[in-house]
Each structure stands twice: as C-alpha cells, then as structure tokens.
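For reference, the structure is listed below as structure tokens.
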Amino acid sequence: MVQRVYVDKISDIFTAVQYNRTCHQNYMKKLAKYYDKMDFDQFLEEFISNLRIPMCYMEKHPNVENTLQFAAKFAISLQPPQSENEEEYEEMCPLLERLFEFLLAHHEVKEVAVRFRVCYFLNMLLDTMGDNASIDDELCNRILQCMTDRILDKSPKVRAQAAIALHRLQEPNNKECPVIGVYLFHVAKDPSAEVRRVILAKMAKNKKTLDAAIKRTRDVDDSVRKMAYLFISKITVKSLTISQREQLINNGLQDRSDVVKKCVREILIPSWLRYYDQNYINFIKAIDAEHASETASLALGCLFKNAEIPYLIDQLPLDSTKFVPLEQLTSEVVLYWRCLAEFLKTENYTEEFEQILPELTPFCAYIKDFVTLTEARSNKQYEQVTQQFILYQLFEMIKLYDLADELGRRNLKELILETLQTYNCSNKISECIVKYFENVVPDVNDRVALLVEVINEIRMPTRTNLVLPMSDDERHERKMKQSKLAMQLLEIEDLEYAAIQRKDYTEAAVLSKQAASITEEIRNLAKEPEIIESQTPCEEKTDPETMIQCLQIMYYMMQSSTITTLSPTLRTLMESIALPYVSLQNNHEQVLSLALKCVGLCCHSDKDLAKKYFMMYCLYISESTSDDVWIAATEVIFDLLLKFGFEHFDITPDEENNPQNGNKRNRSVRLYSHNDEDINVNDKQIRTVDGSNNVIKVLMALLDNQVENLQSVATEGLCKLILHKRISSHQLISQLLILWHNPSTKSNPTLSQCLCNFFNLYMSKVSESQAILEEAYLPTLKMLANAPEMSPLQEVDALRVSEVIIGLTCCAIHNNYSTHNQLTYTILNEILNPDTEIELDVLIKSLKMLDVQLDGQNLKNDILKALDDAEDLLNGSGEKRLLRYIHQFREKITTNRIDETAQSENPENPGHPNNQEENVENAEEQDQDEDEEEEQDSDGDHEH
C-alpha cells in the first residue's frame with residue numbers, strides 16, 4: 001500500500017513538472033526521496049512508465065520539453081561526482097544505466113515519433129552530463145551503433161536528431177573518428193537540408209570538417225549555407241588559405257539570400273577583423289589586396305558602416321599634406337585609402353573626405369612623383385606588378401575629384417598623356433585612364449587627336465637635341481683665347497702701319513684682311529651661344545610590347561559611345577597599326593587578337609567596312625589555332641551581326657520553307673528529325689548554299705567547344721541574337737536547353753547564369769517563344785535519349801528538362817491558342833508511338849505538370865480517348881505503376897481544374913527559370929514518396 005502511494009506521487013510529480021521549469025529543483029528533491037525509499041525495479045518501472053507518455057509526441061510542445069528535461073536532470077543528479085583524476089572512471093548510477101538500455105532497446109520501433117524522441121532524449125541525457133563527463137566504452141559503442149543506424153532513418157527529423165545525439169561522441173583529433181566520418185558523408189549527401197544544417201551546427205572543428213563546411217557554403221539551401229558560414233566564423237582565419245578567404249567573402253557577400261549575406265557581413269568578416277586587432281590594413285593583407293581587390297573592397301564597405309569615422313581615418317598613415325609618404329605606400333594602404341575615400345564621398349562625409357584627399361593639382365604631382373620613383377628603380381617582376389596595382393588605385397581615386405577646377409583638369413590631362421607612354425601603364429591602367437579621359441576632354445575630336453598623338457609618339461619617339469649654355473670653364477677658356485687674339489691683332493696692326501709708311505700697299509692689304517678676320521673671331525667669342533633644341537625622329541618601333549601598348553589605347557578609345565563614325569584620323573590609325581597585324585602569319589597571339597578587336601570596333605562604326613572584313617573574321621574562326629584569337633574573332637562576328645543583321649552580309653533568306661508564314665494554331669505536330677535545319681533569320685529561313693550562309697552552323701558548333709571561355713562567348717552571342725530577333729530556331733533553343741542542364745557546364749558559372757537569364761528574358765521579349773519551345777520539346781528529350789554511353793548527357797534527368805520546358809510555357813494563351821494544349825497532344829502521341837525513343841516514365845509523369853485549357857467538348861473527348869489508349873498500352877506492357885499518373889491527369893481533365901499541388905510549390909511564378917531547380921526537387925521528392933508508399937517499405941530505414 002505504501003509503494004502504491006509512492007507510485008501515485010511519482011505520477012503527480014511528472015504531471016506537475018510539465019508546466020513550469022522553475023519548480024524542477026524542488027520536485028527533483030522529492031523524487032530523490034521516493035527513489036531512496038522505493039524498490040529500485042518498481043521505481044524504474046514507474047519512472048519509465050511516466051516517461052513513455054511524452055516520448056510518443058513528435059511535435060514540439062513546452063509540456064513535452066519540460067517533462068523530458070526534468071527526467072534527464074533527475075537521472076543525471078543521481079550520478080556520483082566525476083573524479084578529478086581523468087584516468088579513474090566512476091561507475092554509472094543504476095537508473096541512468098537502465099535509461100540508456102531502455103532507449104537503445106527502442107530506437108528502431110515502428111512509430112516515427114518514438115524514434116525521434118529516443119534520439120532526442122538520448123542527446124538530452126548526454127548534454128546534461130556536463131562538459132567533463134565520461135561513459136563506459138561498451139555503452140559508447142552501443143550508442144554509436146544505434147545512432148548510426150538511426151542516421152539512416154527514413155524520416156529526416158529522426159536523422160537530424162540522431163546526428164545531434166552523436167555529437168558528444170566525436171574525437172576531433174582522431175583521424176579515423178567514426179562519428180566525424182558519418183557527419184562528413186551526410187553533410188554532403190543527405191537530401192534533407194535540416195540534417196545537413198544540424199550536422200554543421202554540431203560538427204567538431206578540424207581540417208576535414210573545415211573543408212566540408214567550405215563546400216556547404218555553396219549548398220542549395222539558405223539555412224545550410226548560413227550555418228556553414230557560422231561554422232567557419234568560429235575557426236581562426238589563419239586556418240584558411242588566402243584563396244579560401246577571398247572565395248568565402250566574395251561568395252557570401254554576393255549570395256542570393258539576404259540571411260546569408262547578413263551572416264557574412266555581421267558575423268564572419270567582423271570576427272576576422274577582431275583576429276587582427278581591428279587593424280584594417282592587416283585585414284586586407286590577409287585577403288591579398290592585389291589579387292582580390294574587389295573582394296577586399298566589398299569587405300571594407302561592410303566594415304565601414306559599423307565603424308567610427310575618426311578611427312577609420314586614423315588607420316591611414318597620412319602626413320600634414322594629406323598624402324601617404326611614398327615609402328609607406330603599399331598595396332594594402334592604397335586600397336584602404338581608395339575604399340575609405342569612396343565610402344566618405346558616397347555617404348556625404350564632406351569634411352572627412354577633404355581630410356584624406358588633397359586638391360587635384362597636388363594629387364597629380366603626387367602620382368608623377370610615384371611614377372618617377374618607380375622608373376628610377378630597377379625592379380623585379382613582382383615589384384612591377386605591385387607598382388602597377390598602386391598606380392591603378394591612385395587613378396581610381398582621381399575619379400572622385402570634381403573636374404570643375406580648370407588648372408587641375410589641365411594637369412590631369414597632361415598626367416594621363418604622360419602615363420600612357422610609360423612602361424608602368426598596364427592593361428588595367430590603360431583601360432581606366434583612357435575611358436576616364438572622355439570626362440577630362442569631352443570633345444571627341446580633340447580627345448581622339450591627343451590619343452592618336454600618344455600612339456604615334458609610342459611607335460615613333462622623337463630624339464631631342466639640345467645645345468646647352470657654356471659652363472664657367474668654357475667661358476674662362478674663351479676669354480683667354482680672346483686675349484691671345486687681341487695681342488695678335490695689335491701686332492698685325494703695327495705691321496700694317498709700318499707697311500703703309502713704306503708705301504708697300506700690297507703687304508698692307510694682306511695684313512688688313514688678317515686683322516679683319518681676327519676681329520670677327522674675337523667678336524664671335526664674345527657672344528654667348530643660344531640654347532638650340534632640335535628634334536630628330538627615331539626609327540619606328542614594331543616590337544610586340546610596343547604594339548600591344550598602342551593597340552590597347554586604340555581599343556579602349558574606340559569603345560567610347562561618342563565615337564559614332566569613322567573619321568579620317570581613325571581610319572588612318574586603323575590602316576597603320578591594326579590592319580597590318582591582322583594576318584594568320586602573325587605569331588604573336590595577343591597582338592593579333594587586339595588588332596582584330598580594334599578593326600572590329602572600326603567596322604562597328606562603318607557598315608561598308610564591316611561588310612568588307614566580315615568574312616575575314618569567319619576565316620579566323622575556321623583557321624586559327626589560338627584560343628584568344630578565336631574568341632576575339634567570335635566576339636566581333638556577334639557584335640556585327642547584332643548591329644547590322646544578316647542581310648547586310650549577304651546571308652540571304654528564303655521564305656518558301658518559313659514555318660512562321662502559316663497559321664501556327666492550325667498546324668499539325670511537327671516531329672523532330674536529325675536532318676532538320678530550320679534556322680530562321682529575321683523570321684525567314686536561311687539557305688545554306690555558300691560559305692557565308694554556313695556562319696550560323698559554325699557559331700552553333702561552338703556551343704560544344706571544349707574551350708570554356710569560347711563556349712561562353714558563343715552561348716552569350718547566340719542568346720543575344722535570339723533576344724534581338726536576328727535568329728529564330730527551335731533546334732538552337734533545344735541545344736541551349738541541353739547545354740543548360742549538361743553536367744559538364746557546372747564548372748562554368750558564367751555560362752549557367754547566362755542561360756538562366758536568357759530563358760527568363762526569352763519568354764517575355766520574344767513573342768514566338770512559346771511556339772518555339774513547344775517545337776523544341778520532343779527534339780530535346782530525344783537528344784537526351786540518344787546520348788552516347790560515355791556522354792555526360794547520360795547524367796541529365798530528362799524529367800527535369802521536361803518540367804523546365806513545361807514551366808516556361810505555363811499559362812501561355814495567345815488568341816485562344818494554348819501551348820499546353822498542343823503539348824498535351826504532342827506527349828500523348830509520343831506515348832502511343834511504339835517506336836518512341838523517350839522513356840515512358842518521363843512522358844507520363846510530365847502530363848500532370850500540364851495546365852490544359854479546355855475550350856470545347858471535342859478537345860476533351862480527344863484527350864480522354866488518348867488516355868484510354870495509353871491505359872491499354874500500360875496494362876499490356878506491364879507498366880502498371882505509371883497508371884496512377886494517367887488517372888491523376890484524367891481527373892484533372894474531367895474536372896477541368898488546375899493542379900493545386902504544382903502551384904503550391906511556387907505560387908508566384910512556377911515557370912520562372914530561377915525556380916526550376918527548386919520545383920523539380922520538390923516534384924522528385926513527391927514522386928519518391930509516392931514510390932516509397934507503393935513499395936511499402938516495412939523496415940523504416942532509409943539507405944543513402
């Protein structure tokens with residue numbers, strides 16, 4: 001009877017503790033008394049009996065949390081204190097030991113909620129044991145084995161809790177730690193974002209886990225990426241390489257998620273700055289200012305917003321003249337100087353801005369002094385790179401000045417013209433100052449004349465000859481000579497006088513001439529020589545370095561939007577320095593590619609010149625072996641086609657086979673053939689009868705080129721031609737779709753981003769986009785189905801591609817014509833085609849994504865009849881598992897309703913290209929769940 005009273009009181013305690021945690025301590029004391037007075041087995045039975053109730057609830061509820069926490073704290077309170085000697089192991093109290101046994105015995109029960117709470121309560125026990133706790137090896141191994149099984153559970157919530165329960169069993173210093181091994185696998189492979197996130201939150205820090213966390217900064221889930229950055233922020237910056245630091249900041253600050261950007265901006269970057277004792281210069285040095293200046297600028301911009309302006313100014317080693325002494329001007333200092341000046345000007349800190357920058361004229365003199373100093377030194381290659389970086393940053397600071405100062409603008413003009421002629425003028429510096437020169441000299445004719453003069457001076461420098469004034473020694477020597485000649489003159493005059501007295505007039509005449517000659521010589525010696533300056537042209541320089549410097553100036557000068565026509569000066573410049581180097585015999589790739597670009601810009605300003613040299617660029621695409629030259633020629637071709645169109649270059653259209661001339665709404669479904677060549681230019685079809693008409697074929701072939709940059713240029717160029725309606729082809733659209741999903745393009749983010757943006761704009765800018773995508777549907781899937789065995793296209797999920805096309809054409813109705821209606825016919829016809837090359841799974845599962853707009857009973861009857869035929873086909877072929885999708889589509893047709901499930905995944909715009917990956921992932925998970933329900937997996941384990 002006494003024992004029964006205790007049993008009721010234990011139940012009362014468990015009932016009371018669920019409402020408030022503040023009372024736990026008092027109830028723990030009462031429960032400890034019952035524990036001492038009761039039989040252990042009976043107490044254990046009642047304790048576990050009360051514990052079973054909250055462990056049946058999976059939902060997070062305060063009452064459940066309070067009860068479990070009370071049970072864990074009570075069990076741990078019975079544990080004897082840990083000995084200070086770490087080698088001595090204190091035996092576990094019986095209640096705690098039996099609790100572990102109970103949990104481990106029930107970790108694989110059928111109910112998901114119980115499996116979840118077993119892992120949850122196990123983790124609570126381990127956490128409550130304290131920082132210095134230890135457990136028996138055998139128990140540790142059992143927990144490890146059971147939780148390793150649970151981390152393979154079918155339920156992601158159970159897997160997440162199992163991952164949390166394992167975290168106290170980690171051994172960061174053990175290279176073969178099984179827990180870390182499990183963590184590394186699941187953080188990379190687990191399909192649940194929740195599992196990946198909790199692993200990052202609980203994973204210990206070592207080299208392996210750091211590398212895994214860095215990879216997770218590119219995870220598809222925002223919360224996982226944020227947790228990865230939090231993980232990295234707790235590791236010292238010295239543990240990361242310079243390239244890793246730059247990559248983390250750059251990717252984090254440009255992440256698509258505001259949550260991730262905020263984490264990087266407010267947690268990661270400030271933690272690194274604290275490591276360097278709030279020294280901004282050292283912080284920039286850790287990122288490598290020269291090779292990651294843009295990333296460093298982004299990071300500084302974030303830090304400046306939360307810092308005191310006086311403290312930021314104090315970081316600069318400025319002297320009384322507002323200059324950084326040249327001997328202290330390093331890459332980090334000048335970058336910080338520029339970023340701070342830009343920040344102060346942007347935020348309208350006018351007084352503070354004037355504190356760190358002098359007037360324009362002294363600043364121009366400061367840059368001249370720096371250039372003079374660097375030219376006087378004999379520097380190594382890496383030192384020249386540093387000097388060019390500093391000079392580039394100084395010229396970037398020039399852009400912050402107001403050019404209303406006439407004197408400053410004149411000095412700046414002289415500085416730019418002088419700098420362009422120095423060896424320190426790198427490609428980036430040339431681009432910076434030549435483009436900014438447009439602001440300094442707004443008049444296009446004056447600007448072109450000055451830059452052409454600079455180019456001529458670089459190619460043919462003039463030698464200046466000077467006659468300098470006399471020195472003091474030369475002047476003294478002349479006076480001595482004058483004195484000697486004066487003595488001679490006196491002697492000759494005496495002789496002349498004596499001859500006259502003798503009436504020897506012949507000798508007197510000779511002596512008179514000698515006296516006159518000496519007098520003239522004395523007069524010349526008395527004169528100071530004038531300073532004479534003469535200029536002699538040197539031999540023309542044609543070395544590659546000189547030509548690169550000249551062509552760079554011309555290239556950036558021609559990019560100005562103010563140059564709309566090809567003036568005689570520019571034509572002469574093109575003929576003198578660009579055309580002579582446009583030759584396949586030119587072995588210097590950089591000179592040739594720059595010459596091609598310069599001629600291309602000239603062609604852009606003159607349509608006759610463009611027509612004259614267009615085929616020359618086509619020749620370079622087919623004949624050149626240099627990637628740089630190939631890319632330069634391809635870029636020019638695309639620019640000229642965009643500017644002037646195909647007809648200008650005699651690529652003639654043929655209207656006979658133009659599919660757009662007919663009424664598309666009434667046409668039959670056109671199936672793809674490998675012999676199709678339906679490339680339409682300006683809404684007309686190209687005839688491929690001569691070399692010029694094969695240009696598009698050559699350009700399309702570049703989409704499969706192995707050179708990454710060339711492939712990107714070709715893709716971007718073809719996308720622009722399509723968007724500007726210069727070309728129209730479902731075959732080309734099909735190629736772009738496959739290229740977008742090709743696994744080999746994942747390493748080229750520029751290409752992926754280009755294609756994503758293209759399809760977004762394509763649907764809104766091109767009126768025929770819906771019909772063209774409809775035509776591209778079957779050819780695209782057939783191309784994937786017929787991919788060779790070793791092709792990377794074998795890895796492409798055809799259902800994903802199908803959903804992208806259907807999503808792009810979603811809700812497209814023009815003049816009562818529905819693209820999805822036509823796609824319904826297309827897919828059903830292909831399902832019933834006995835010779836189809838496309839898998840039935842892809843076609844049938846695609847039906848449920850269609851948004852059919854029924855506009856008549858005949859259309860509805862035709863679709864239902866086709867569905868009946870499809871059901872008969874599936875029944876006869878043994879593919880009954882696909883009947884469910886046929887039934888779902890039939891229900892949609894009969895009720896004429898929109899698939900709400902598909903809309904709920906992306907209610908705003910399910911067809912937007914940026915949402916396709918998320919939509920397909922959700923659809924795949926739904927299909928996977930449905931397949932699992934069919935298979936009725938009885939063991940409840942999920943194997944990865």
Side-chain angles (χ1 to χ4, degrees), residues 279-285 289-290 293-294 296-374 386-419 424-425 428-429 431-442:
N279 189 306
Y280 288 81
I281 307 299
N282 291 338
F283 171 76
I284 300 174
K285 191 179 295 184
E290 292 182 17
S293 58
E294 293 183 3
S297 300
L298 289 173
L300 288 175
C302 297
L303 294 171
F304 289 162
K305 292 180 181 179
N306 299 316
E308 297 292 334
I309 301 300
Y311 180 77
L312 296 176
I313 296 176
D314 290 341
Q315 297 274 313
L316 273 174
L318 298 175
D319 57 19
S320 58
T321 60
K322 304 180 185 178
F323 287 118
V324 175
L326 292 177
E327 60 273 8
Q328 299 182 37
L329 195 62
T330 63
S331 300
E332 294 77 24
V333 171
V334 72
L335 180 62
Y336 179 79
W337 192 7
R338 176 180 73 83
C339 292
L340 181 57
E342 289 177 349
F343 173 76
L344 295 177
K345 187 174 181 65
T346 304
E347 299 296 327
N348 295 321
Y349 290 102
T350 307
E351 295 182 3
E352 291 82 356
F353 175 76
E354 294 175 354
Q355 289 180 24
I356 66 171
L357 274 187
E359 296 294 329
L360 181 56
T361 298
F363 195 76
C364 291
Y366 178 76
I367 297 178
K368 283 185 179 180
D369 292 341
F370 176 77
V371 173
T372 304
L373 180 64
T374 56
T386 299
Q387 292 166 1
Q388 289 174 354
F389 176 82
I390 295 174
L391 186 59
Y392 173 74
Q393 297 298 327
L394 292 175
F395 274 113
E396 283 291 319
M397 294 173 67
I398 287 285
K399 298 178 181 179
L400 301 174
Y401 282 95
D402 183 5
L403 296 181
D405 178 13
E406 181 65 29
L407 177 62
R409 188 168 67 252
R410 186 167 61 250
N411 289 324
L412 178 57
K413 181 179 72 173
E414 294 175 0
L415 172 65
I416 290 175
L417 296 176
E418 290 177 8
T419 305
N424 272 323
C425 193
K428 285 190 69 175
I429 297 174
E431 180 180 8
C432 172
I433 61 180
V434 170
K435 289 184 176 180
Y436 188 67
F437 199 53
E438 183 175 344
N439 298 328
V440 181
V441 184

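Just so you know, residue 1 is the first one in the sequence shown, and it goes up from there.
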For a quick test of reading the model, state the closest non-hydrogen atom pair linking Gln387 to Phe370 and the distance between them.
O-CE2, 3.6 Å
I'd like to check the salt bridge (Lys or Arg N to Asp or Glu O under 4.0 Å) partners of Glu342; sequence neighbours left out, ordered by chain and number.
Arg338
Supply the atom-to-atom distance Leu300 CG to Phe283 CZ, rounded to the nearest 0.5 angstrom.
6.5 Å
Mind listing the side-chain donor-acceptor pairs of residues 431-439 below 3.5 Å, one per line with the distance, residues two or more places apart or on another chain?
| residue | atom | partner | partner atom | Å |
| --- | --- | --- | --- | --- |
| Glu431 | OE2 | Lys435 | NZ | 3.1 |
| Lys435 | NZ | Gln559 | OE1 | 3.3 |
| Glu438 | OE1 | Ser560 | OG | 3.0 |

Rounded to the nearest 0.5 Å, how far apart are CG of Leu340 and CD of Gln315?
9.5 Å
Mind checking what makes side chain to side chain donor-acceptor pair (under 3.5 Å) contact with Thr419, not counting sequence neighbours?
none
Without placing hydrogens or testing angles, list every side-chain donor-acceptor pair under 3.5 Å for residues 347-357, not counting sequence neighbours.
none

Scanning both residues in full, the closest heavy-atom pair of Ser293 with Gln393 reads CB-NE2, 4.4 Å
Checking Asp369 now: which residues fulfil side chain to side chain contact (heavy atoms under 4.5 Å, CB included) with it, not counting sequence neighbours?
Leu326
Could I get the full list of ring-ring contact (aromatic ring centres under 6.0 Å, His included) partners for Tyr401, not counting sequence neighbours?
Phe363
Shortest non-hydrogen contact between Ile429 and Gln388, atoms and distance:
CD1-O, 3.4 Å
Mind checking side chain to side chain donor-acceptor pair (under 3.5 Å) for Thr361 and listing every partner two or more places apart, or none if nothing turns up?
Asn411
Using the salt bridge (Lys or Arg N to Asp or Glu O under 4.0 Å) rule, collect all pairs that involve residues 396-408, keeping only residues at least two apart or in two chains.
Glu396-Lys399, Glu406-Arg409
CG on Leu412 to CG on Leu417, rounded to 0.5 Å
9.5 Å
For the residue pair Leu329 and Leu394, establish whether any side-chain heavy-atom pair is separated by less than 4.5 Å.
yes
For Glu290 and Ser331, does a side-chain donor sit closer than 3.5 Å to a side-chain acceptor?
yes
Under the rule for ring-ring contact (aromatic ring centres under 6.0 Å, His included), what residues qualify as partners of Phe343, not counting sequence neighbours?
Phe304
How long is the span from the OG atom in Ser297 to the OH atom in Tyr336, to the nearest 0.5 Å?
12.5 Å
For a quick test of reading the model, state the closest non-hydrogen atom pair linking Val333 to Leu316 and the distance between them.
O-CD2, 4.2 Å
As an exercise, state the distance from OG1 of Thr330 to CG of Leu335, rounded to the nearest 0.5 Å.
9.5 Å
Pairs involving residues 305-329, ordered by first then second residue, that meet ring-ring contact (aromatic ring centres under 6.0 Å, His included) (sequence neighbours left out):
Phe323-Tyr366
Minimal heavy-atom distance between Ala307 and Tyr280, with the atoms involved, is CB-OH, 3.4 Å
Can you list everything that forms a side chain to side chain contact (heavy atoms under 4.5 Å, CB included) with Pro325? Sequence neighbours excluded, please.
Asp319, Glu327, Gln328
Answer yes or no: is there a side-chain heavy-atom contact under 4.5 Å between Leu344 and Ile309?
yes
Test side chain to side chain contact (heavy atoms under 4.5 Å, CB included) applied to Lys428 - qualifying residues, sequence neighbours left out:
Tyr392, Ser426
Report the distance from atom NZ of Lys413 to atom CG of Leu403, rounding to the nearest 0.5 Å.
12.5 Å
